[in-house]
A.B. asks: 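Quick one: structure below, then a few questions.
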Amino acid sequence: MLVIGCAMVGGYALLAVVLFLIQDRMIYFPRRYAPSVVQHLPSGLVGLRDADGSVVGFYRGPVDGLVPQRLWFIFGGNADQALNWDMFAIEPAQADTGFLLMEYPGYGVCAGKPSPVTILAANERAVVLLAQRLGLTVAAIDRRAGHLGHSLGAAVALQYAARHGSRRLVLISPFTTMKAMARRRVGWPLCELLVHRFDNRARLAEIAAKASPPTAIIHGDRDDFIPLAMGIGLAQEHPTIALSVIAGAGHDDVLLIGDGAISAAMDGMP
């Protein structure tokens, strides 16, 4: 029995070590572009390229080509790419509105490996490059910006907004914390090994403690990846959050089935 017990403990310890070492591969699913994709962008779309050639985001400006009075920062979900959101940016384009499509390290042609720290740094670099392009200060860019994120992107949007402020937040299929998601996947105590600790509950609390912007949560009632209960839980902690439950929508198709609710939430940005 002692031998069996030791073997079980040793096996569990080995599993813990493996999970700790490969957890980034279990969290992030980066997709790369072929070089030609970035070399031949759709008309009106500009890649924000850093000195090392890394593209940290894409900018689509107002239809009249002027400096935007409003901006939307768009943060995609996992296994997503910033360019997938370009059609989303084209459809609601207005004369005074621009869109910054954020790329994450390791995704697209953005250098590096993803983590909360590196993703935030890439987002901030994208804003710096956009400010230089538009002849504005970074503070002026941030004052004009609302933030929309889907799934992992909701967490990325919140960590940016918690540091820089936001005119409006639109969170689609958000989780409560990455640790809660890890617990759903590997259970306790293995979830305690998590390093990439996105925490939407904490970020919303930080934002609310300053000056809470109008915030909308949009969640499908058939989401089998991030349960609706998480979106409801976040909304219940902040009664000013407008919650829209999209009937029949899952985790990804909420973007299509819930497009009316998403557009309405974006239209509400002052």
Side-chain angles (χ1 to χ4, degrees), residues 38 41 44-76 81-83 85-86 88-89 92-150 152-171 198-200 202-204 206-215 266 269-270:
V38 179
L41 293 175
L45 191 67
V46 177
L48 300 174
R49 191 180 294 271
D50 223 333
D52 63 356
S54 179
V55 178
V56 290
F58 300 88
Y59 173 65
R60 179 169 290 282
V63 293
D64 58 11
L66 299 178
V67 174
Q69 298 305 305
R70 301 192 308 170
L71 282 160
W72 276 102
F73 293 177
I74 307 296
F75 304 83
Q81 296 169 308
L83 285 178
W85 288 83
D86 188 40
F88 179 89
Q94 301 176 22
D96 64 347
T97 304
F99 294 84
L100 174 56
L101 315 179
M102 296 290 193
E103 201 78 87
Y104 308 149
Y107 292 64
V109 288
C110 185
K113 294 183 178 180
S115 73
V117 171
T118 62
I119 290 174
L120 178 59
N123 297 160
E124 291 176 331
R125 184 59 183 158
V127 175
V128 168
L129 293 173
L130 180 59
Q132 292 172 355
R133 180 175 186 84
L134 297 179
L136 298 171
T137 65
V138 169
I141 293 287
D142 282 332
R143 285 196 299 269
R144 299 169 193 228
H147 305 83
L148 180 149
H150 172 236
L152 175 68
V156 177
L158 282 172
Q159 75 167 0
Y160 186 93
R163 176 173 289 193
H164 298 280
S166 177
R167 287 178 66 173
R168 187 163 183 81
L169 288 165
V170 180
L171 310 175
F198 288 103
D199 189 333
N200 292 342
R203 300 295 82 75
L204 278 170
E206 289 174 9
I207 292 168
K210 299 174 184 176
S212 186
T215 301
M266 296 177 71
M269 185 164 75

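The first residue of the sequence shown is numbered 1, and numbering continues consecutively from there.
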A.B. asks: Locate the shortest heavy-atom distance separating Met266 from Leu148; write the atom from each residue and the value.
C.D. replies: SD-CD1, 3.7 Å
A.B. asks: Can you find a pair of side-chain heavy atoms, one from Phe73 and one from Asp142, that are under 4.5 Å apart?
C.D. replies: yes
A.B. asks: Mind checking side-chain contact (heavy atoms from CB on, under 4.5 Å) for Ala208 and listing every partner two or more places apart, or none if nothing turns up?
C.D. replies: Ser212, His238
A.B. asks: Mind checking what makes salt bridge (Lys or Arg N to Asp or Glu O under 4.0 Å) contact with Arg125, not counting sequence neighbours?
C.D. replies: Asp50
A.B. asks: Run the side-chain contact (heavy atoms from CB on, under 4.5 Å) test against Ala131 and tell me which residues pass, sequence neighbours left out.
C.D. replies: Val138, Ile141
A.B. asks: For a 4.5 angstrom cut-off between non-hydrogen side-chain atoms, does Val127 reach Met102?
C.D. replies: yes
A.B. asks: Applying side chain to side chain donor-acceptor pair (under 3.5 Å), name anything that partners Arg203, two or more places apart in sequence or on another chain.
C.D. replies: Glu206
A.B. asks: Going by side chain to side chain donor-acceptor pair (under 3.5 Å), name the residues that satisfy it together with Ser166, two or more places apart in sequence or in a different chain.
C.D. replies: His147
A.B. asks: If you round to the nearest 0.5 Å, how far is CZ of Phe198 from CG of Leu152?
C.D. replies: 5.0 Å
A.B. asks: Minimum heavy-atom separation for Phe99 to Leu71, with atom names?
C.D. replies: N-CD2, 4.2 Å
A.B. asks: For residues 115-124, which residue pairs pass the side-chain hydrogen bond (donor to acceptor under 3.5 Å, both in side chains) check, not counting sequence neighbours?
C.D. replies: Ser115-Thr118, Glu124-Arg163, Glu124-His164
A.B. asks: Looking at Asp64 and Leu66, what are the two nearest heavy atoms and their distance?
C.D. replies: OD1-N, 3.0 Å
A.B. asks: Which atom pair, heavy atoms only, marks the closest approach of Ala111 to Ser54?
C.D. replies: N-OG, 2.8 Å
A.B. asks: Are Phe58 and Asp86 side-chain neighbours, meaning at least one heavy-atom pair lies under 4.5 Å?
C.D. replies: no
A.B. asks: With the side chain counted from C-beta on, respond yes when Tyr160 and Ile119 share a heavy-atom pair under 4.5 Å apart, and no when they do not.
C.D. replies: no
A.B. asks: Please tell me if the side chains of Leu158 and Leu204 come closer than 4.5 Å, counting only heavy atoms from C-beta onward.
C.D. replies: yes
A.B. asks: Knowing that exactly one of Leu100, Val56, Leu136 qualifies, which makes a side chain to side chain contact (heavy atoms under 4.5 Å, CB included) with Leu130?
C.D. replies: Leu100
A.B. asks: Carefully, step by step, assess Phe75 and Gln159 under the rule side chain to side chain contact (heavy atoms under 4.5 Å, CB included).
C.D. replies: CA-CA 11 Å; Phe75 304 83; Gln159 75 167 0; over 6 Å; no
A.B. asks: Between CG of Leu171 and CG of Leu169, what distance do you get to the nearest 0.5 Å?
C.D. replies: 5.5 Å
A.B. asks: Partners of Tyr104 by side chain to side chain donor-acceptor pair (under 3.5 Å), sequence neighbours excluded?
C.D. replies: none
A.B. asks: How long is the span from the OH atom in Tyr59 to the CZ atom in Arg133, to the nearest 0.5 Å?
C.D. replies: 8.5 Å
A.B. asks: Who passes side chain to side chain donor-acceptor pair (under 3.5 Å) against Trp85, sequence neighbours left out?
C.D. replies: Asp80
A.B. asks: So, Gln69 side chain and Asp96 main chain: donor-acceptor pair closer than 3.5 Å or not?
C.D. replies: no
A.B. asks: Quick one: CG on Leu101 to CZ on Phe88, what's the gap to the nearest 0.5 Å?
C.D. replies: 10.0 Å
A.B. asks: I'd like to check Ile207 versus Thr215 (side-chain heavy atoms, cut-off strictly below 4.5 Å). Are they in contact?
C.D. replies: no
A.B. asks: Which heavy atom in Pro214 sits nearest to a heavy atom in Arg168, and how many Å separate them?
C.D. replies: CB-NH1, 2.6 Å
